[in-house]
Each structure stands twice: as C-alpha cells, then as structure tokens.
Amino acid sequence: MRVGLGFDAHAFEEGRPLVLGGISIPGHAGLAGHSDADVLSHAIGDALLGASNLGDLGGMFPASERWKDASSLDILREIAVAVTRAGCEIVNVDATVIAQQPKLSPHASRMRSNIGDALGIAGGAVSVKATSTDHLGFTGRGEGIAALAVALVQPLV
C-alpha cells in the first residue's frame with residue numbers, strides 16, 4: 001500500500017460560483033483559481049498523484065487554456081486514469097475542508113458521491129469532513145478555504 005498527502009487553498013473571489021466536491025454551493029462567494037478552484041477535489045487529486053508517484057496537480061494540469069475553468073471532477077477522472085496506468089488501484093481517500101463558512105454538512109453526502117463517481121470507487125471509500133479554525137488564520141478570517149487529503153493506493157504489480 002502507498003499513501004499520498006494533498007493540500008490546497010484558495011482565496012474567495014466575488015462573481016465566481018463556490019464549487020466543493022463538484023457541488024455548486026449557493027449564497028457564497030466562489031474561490032479564485034484557474035480551474036473551478038475546487039480545493040477539496042484538488043487536495044484529493046494531489047494526494048492520489050503523490051501516492052502513485054505521478055508528481056503534483058500543477059505539473060499534470062498547468063495553468064493553461066486547456067484547463068481554464070475546468071471542472072475539478074473532470075480533473076479527478078483524468079487522475080484516476082493516470083493512477084491506473086501507473087499500475088495502482090485507488091483504495092480510499094479521506095479529506096477535510098477547512099473553512100469558517102459556509103457550513104458543508106448538508107452537502108457532504110453528494111460530495112462523497114461525486115468524488116467516488118469521478119474516481120471510479122464506491123462512495124463509502126470517500127470520506128469528506130469539514131472543520132473551522134475558530135476564527136484563526138486566513139480561513140478563520142473568512143478570506144478563503146483550504147483542504148487536506150490523504151489517499152491510499154494499492155500497487156497491482
């Protein structure tokens with residue numbers, strides 16, 4: 001078994017939709033970024049790339065016209081293919097979104113399902129949690145959102 005760790009953070013940006021785990025969350029400013037800025041999916045993608053020894057998200061999906069405003073679920077689909085080509089199978093992912101607002105518990109089930117579908121794994125193999133920082137740091141001040149993820153892959157060779 002191999003483990004990878006992923007992290008991502010983006011600042012809020014007015015005029016963009018807030019997308020987390022492929023869910024557009026209404027009533028809140030979105031995140032600044034080249035793609036849809038889905039910090040949750042990005043952290044999971046980086047964790048999977050690390051576990052599979054495939055580099056990082058920025059190396060595989062550079063800020064180019066091809067990835068401008070791309071769906072991070074599409075990026076996860078491409079990562080799942082790359083993980084398979086690298087001779088590994090995704091076992092599970094566990095992620096934590098760090099944000100003061102919005103509350104994510106009403107959306108967590110759909111996020112897990114979206115991420116599982118994109119990765120080709122059962123939703124039960126995807127854990128999505130949320131926490132705040134009790135008003136400490138940039139997430140606590142409401143300046144943005146961060147996410148951490150770990151992924152477990154099994155080499156098939």
Side-chain angles (χ1 to χ4, degrees), residues 1-11 16-25 30-99 102-133 137-139 144-157:
M1 301 285 217
R2 293 165 48 183
V3 176
L5 174 67
F7 173 80
D8 196 31
H10 288 275
R16 287 184 58 125
L18 176 58
V19 179
L20 295 169
I23 303 293
S24 187
I25 299 174
L31 297 170
H34 189 72
S35 66
D36 63 6
D38 182 340
V39 294
L40 173 58
S41 295
H42 292 181
I44 290 169
D46 244 359
L48 287 164
L49 291 171
S52 304
N53 198 24
L54 293 171
D56 63 25
L57 205 66
M60 186 172 267
F61 305 96
S64 65
E65 267 312 301
R66 178 169 184 214
W67 302 111
K68 178 93 173 108
D69 298 322
S71 163
S72 292
L73 291 180
D74 289 340
I75 290 171
L76 285 180
R77 286 181 188 91
E78 294 217 18
I79 290 171
V81 169
V83 168
T84 300
R85 285 186 185 144
C88 296
E89 175 181 47
I90 301 169
V91 177
N92 77 304
V93 296
D94 177 31
T96 302
V97 177
I98 305 160
K103 297 299 180 198
L104 300 179
S105 56
H107 309 284
S109 177
R110 285 184 39 221
M111 289 177 188
R112 285 190 302 272
S113 178
N114 283 351
I115 293 164
D117 288 348
L119 296 176
I121 61 176
V126 177
S127 172
V128 173
K129 306 174 303 298
T131 191
S132 72
T133 57
F138 82 93
T139 59
I145 296 178
L148 290 165
V150 293
L152 183 64
V153 302
Q154 172 69 52
L156 298 174
V157 185

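These figures come from a predicted structure and were not determined experimentally.
Counting only distance, with no hydrogens or angles, the side chain of R2 and the backbone of V153 share no donor-acceptor pair below 3.5 Å.
Rounding to the nearest 0.5 angstrom, the gap separating the CG atom in D36 from the CG atom in L73 is 7.5 Å. Here the OG atom belonging to S132 is positioned 10.0 Å from the CD1 atom belonging to I98, to the nearest 0.5 angstrom. We find the CZ-NE2 distance between R112 and H107 to be 12.5 Å, quoted to the nearest 0.5 Å.
The heavy-atom pair separating V128 from A108 by the smallest distance is O-CB, 4.4 Å. Smallest separation of non-hydrogen atoms from A51 and G4: CB-N, 3.4 Å.
In this view, L104 and L20, I25, V97, P102, M111, A130 satisfy the side chain to side chain contact (heavy atoms under 4.5 Å, CB included) rule, not counting sequence neighbours. For F138, the side chain to side chain contact (heavy atoms under 4.5 Å, CB included) partners two or more places apart in sequence, or in a different chain, are A9, R141, E143, A146. Contacts of R16 classified as salt bridge (charged side-chain N to carboxylate O under 4.0 Å, His left out), with partners at least two apart in sequence or in another chain: none. Residues satisfying the side chain to side chain contact (heavy atoms under 4.5 Å, CB included) test with V91, not counting sequence neighbours, are M1, L152, Q154. Evaluation of the side chain to side chain donor-acceptor pair (under 3.5 Å) rule for R110 yields no partner, not counting sequence neighbours. Residues that satisfy the side chain to side chain donor-acceptor pair (under 3.5 Å) test with T139, not counting sequence neighbours, are T133.
For residues 62-94, every residue pair satisfying the ring pair (Phe, Tyr, Trp, His ring centres under 6.0 Å) rule, not counting sequence neighbours, is listed here: F61-W67. Residue pairs meeting the salt bridge (Lys or Arg N to Asp or Glu O under 4.0 Å) criterion with at least one member in residues 70-81, sequence neighbours excluded, are R66-E78, D74-R77. For residues 86-99, every residue pair satisfying the side chain to side chain donor-acceptor pair (under 3.5 Å) rule, not counting sequence neighbours, is listed here: D94-S127, D94-K129, T96-K129.
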Solution key, residues 37-48 side-chain donor-acceptor pairs under 3.5 Å, sequence neighbours excluded:
residue: D38; atom: OD1; partner: G21; partner atom: N; Å: 3.0
residue: D38; atom: OD1; partner: L40; partner atom: N; Å: 3.2
residue: D38; atom: OD1; partner: S41; partner atom: N; Å: 3.0
residue: D38; atom: OD2; partner: G21; partner atom: N; Å: 2.9
residue: D38; atom: OD2; partner: G22; partner atom: N; Å: 2.9
residue: D38; atom: OD2; partner: S41; partner atom: OG; Å: 2.9
residue: H42; atom: ND1; partner: D8; partner atom: OD2; Å: 3.0
residue: H42; atom: NE2; partner: S35; partner atom: OG; Å: 3.2
residue: H42; atom: NE2; partner: S72; partner atom: OG; Å: 2.8
residue: D46; atom: OD1; partner: L57; partner atom: N; Å: 2.6

